[in-house]
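Everything on this sheet refers to the single structure shown next.
Residue numbering restarts at 1 for every chain, and letters A, B, ... go by the order of the sequence lines.
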Number of protein chains: 2
Amino acid sequence: MADFVIRRSPVKPCDCNLARSFELIGDRWMLLILRSAMYGVRRFDDFQAELDVPRSVLSARLAALVDSGIMERREYREEGQRARIEYPLTKMGNQLGLPFFAMTEWGDRWLAEGEPHFGLRSRANGQKLRVALVDERGRPVKPQDVQFVVDDKVWPPEEPDKARRKSR
Amino acid sequence: MADFVIRRSPVKPCDCNLARSFELIGDRWMLLILRSAMYGVRRFDDFQAELDVPRSVLSARLAALVDSGIMERREYREEGQRARIEYPLTKMGNQLGLPFFAMTEWGDRWLAEGEPHFGLRSRANGQKLRVALVDERGRPVKPQDVQFVVDDKVWPPEEPDKARRKSR
DNA sequence: AAGCCTGAGTTCAAAATATGGACTCATTGG
DNA sequence: CCAATGAGTCCATATTTTGAACTCAGGCTT
């Protein structure tokens, strides 16, 4: 796009909500724990066995997830069993489904070995679903039509011809 | 959903493309480097200054990104300058834009302090864009209508009544 | 009643990574 | 010739991770 050099991103990491998300969950174990959680895994030992994550790390990560409101720590009791703990996703946690599925599609496209195992489908008409950018009326938009906007201005800015004169 | 306990996810981490993606880029610095790269940052020292990442870590991460095909390491020369190195995103890297934007929306919703700075807009009609699940005809689908499918079967499976009898 | 099992952790030493700072090296501008 | 810049490397210290063993409580078995 821009053929002049961009030296800084227009949104400082510290007030970027994407960067903030990454601070919270941008860590291999976090992400893998959340992946399992999306599929319905809820118990300490089940996460541990599925991922083979060190128990101390799992313990720390679950605490952080609860702490940030992505999971909840809850006692439950199956009939005739003693009380146990489960870690279900909250609504906040569940809404990670969309970014995760977008990421899955990326993985399907670029990292797949064989056919993907997982997909989404419409209960209404059985069609396969995919992630897309849509406008306010819900109409999909072509990639070439997508513009970045930062604080209501288009990014990157048009190269002003001066750019060449007033160096750096 | 299911009120029986799910003890394993239906897609083993090792053949899950989401898990594979996380192995590759699921790390704080990776993700932050990619965030900056999406905005057009391309040079070693610029990443370093923007993120304040240790130079040795940056060096290792960029190598890994190049190695996995997400970035390219390229010499370039501005007129009258000596050759320099830049790390532009490849097509593979650029397509992380969609998952990243989905993640940004999640951050906007759950982590924001004040108004978000970043958004996408349609060049065609200037409307704000958002990420959505659409069916094969590009029609948005309501969250309640979304089903997980694993190897062509709905997940989680209906609870068979037997489930209670044949313990565990 | 004694022992066993399970889920949910905690503890701890050893190994792997990250951090911050100084250092290198090549090229170019003054 | 000197200083500056970009793109790294090197290294000692600090922090995290790992893996394994240990704890603790409640219920189940015999």
- line: Hits for salt bridge (Lys or Arg N to Asp or Glu O under 4.0 Å) against E86(B), two or more places apart or cross-chain, chain-then-number order -> R42(B), R74(B)

message: From CG of D45(B) over to C1' of dT9(D), roughly how many Å is that when rounded to an integer?
response: 13 Å

Within-4.5 Å side-chain heavy-atom neighbours: S9(B) and R35(A): yes

- prompt: Say you draw a straight line from CD1 of I70(B) to OG of S21(B); how long is it, rounded to the nearest 0.5 Å?
  reply: 8.5 Å

- request: Apply side-chain hydrogen bond (donor to acceptor under 3.5 Å, both in side chains) to D151(B) and list each qualifying residue two or more places apart in sequence or on a separate chain.
  value: H117(A)

Within residues 62-74 of chain B: residues closer than 4.0 Å to DNA chain C (heavy atoms): none

task: Please state how far atom CG in L58(A) lies from atom C1' in dA20(D), giving the value in whole angstrom units.
output: 16 Å

message: With a 6.0 Å cut-off on the ring centroids, do Y39(B) and F118(B) count as close?
response: yes

- request: Kindly indicate, with the supporting measurements, whether the criterion salt bridge (Lys or Arg N to Asp or Glu O under 4.0 Å) is fulfilled by R43(A) and E50(A).
  value: CA-CA 11 Å; R43(A) 301 196 319 194; E50(A) 170 151 310; over 6 Å; no

- line: To the nearest angstrom, the CZ-P distance between F47(A) and dA8(C) comes to 10 Å

field: Rounded distance in Å - CD (E78(A)) to C1' (dG7(C))
entry: 12 Å

- line: Rounded to whole Å, the CZ-C1' distance (R84(B) to dA4(D)) equals 10 Å

query: Does the side chain of Y87(A) get closer than 4.0 angstrom to OP1 or OP2 of dG7(C) through an N or O atom?
result: no

Which protein N or O atoms sit under 3.5 Å from an N or O of nucleotides 15-19 of chain C?
from	atom 1	to	atom 2	distance (Å)
dA18(C)	OP1	R61(B)	NH2	2.7
dT19(C)	OP2	W29(B)	NE1	2.9

field: Cluster check F22(A), M92(A): I/L/V/M/F/W/Y, side chain < 4.5 angstrom
entry: yes

task: Quick one: list whatever passes side-chain hydrogen bond (donor to acceptor under 3.5 Å, both in side chains) with S68(A), sequence neighbours left out.
output: none

- request: Give the rounded distance in Å between these two atoms: CD of E50(B) and P of dA7(D).
  value: 15 Å

field: Transitive ILVMFWY side-chain link L34(A) to V53(A), under 4.5 Å
entry: yes

- request: Please figure out whether S59(B) or R43(B) has its closest DNA chain D nucleotide nearer the 5' end.
  value: R43(B)

statement: Per-helix bend value, the helix from dA1(C)-dT30(D) to dG30(C)-dC1(D), C1' rotation axes over five pairs per end, 10° rounding, shows 0°

Any protein N or O atoms within reach of nucleotides 22-24 of chain C? Criterion: under 3.5 Å, listing atom names and distances.
none

message: Strictly below 4.0 Å: does R7(B) bring a side-chain N or O up to OP1 or OP2 of dG7(C)?
response: yes

Give me the distances for all protein-to-nucleotides 27-30 of chain D N/O pairs that come in under 3.5 Å?
from	atom 1	to	atom 2	distance (Å)
dC28(D)	OP1	G80(A)	O	3.4

- prompt: OP1 or OP2 of dG7(C) less than 4.0 angstrom from a side-chain nitrogen or oxygen of Y76(A), does that happen here?
  reply: no

- prompt: Quick one: side-chain hydrogen bond (donor to acceptor under 3.5 Å, both in side chains) partners of Q95(A), sequence neighbours excluded?
  reply: R109(B), W110(B)

Validation: residues 119-135 of chain B side-chain donor-acceptor distances under 3.5 Å, sequence neighbours left out:
from	atom 1	to	atom 2	distance (Å)
S122(B)	OG	A124(B)	N	3.0
S122(B)	OG	N125(B)	N	3.1
S122(B)	OG	N125(B)	OD1	3.0
R123(B)	NE	Q144(A)	O	3.3
R123(B)	NH2	Q144(A)	O	3.3
N125(B)	OD1	Q127(B)	N	3.0
Q127(B)	OE1	E136(A)	N	2.9
D135(B)	OD1	R137(B)	N	2.8
D135(B)	OD1	G138(B)	N	3.2
D135(B)	OD1	R139(B)	N	3.1

Hydrophobic cluster identity match, L89(A) and V66(A), side-chain contacts under 4.5 Å: yes

field: Single-linkage hydrophobic cluster F44(B)~W29(B), side-chain heavy atoms < 4.5 angstrom
entry: yes

query: Atom CG of D46(A) to atom C1' of dT6(C): distance rounded to whole Å?
result: 11 Å

- prompt: What integer distance in Å separates E75(B):CD from dG6(D):P?
  reply: 16 Å

Considering only distance and modelled atom types, tabulate donor-acceptor pairs under 3.5 Å from the side chains of residues 54-65 of chain A, sequence neighbours left out.
from	atom 1	to	atom 2	distance (Å)
R55(A)	NH2	D45(A)	OD1	2.9
R61(A)	NE	D27(A)	OD1	3.2
R61(A)	NH2	D27(A)	OD2	3.2

- request: Quick one: list whatever passes side-chain hydrogen bond (donor to acceptor under 3.5 Å, both in side chains) with T104(A), sequence neighbours left out.
  value: none

field: Transitive ILVMFWY side-chain link L18(B) to L24(B), under 4.5 Å
entry: yes

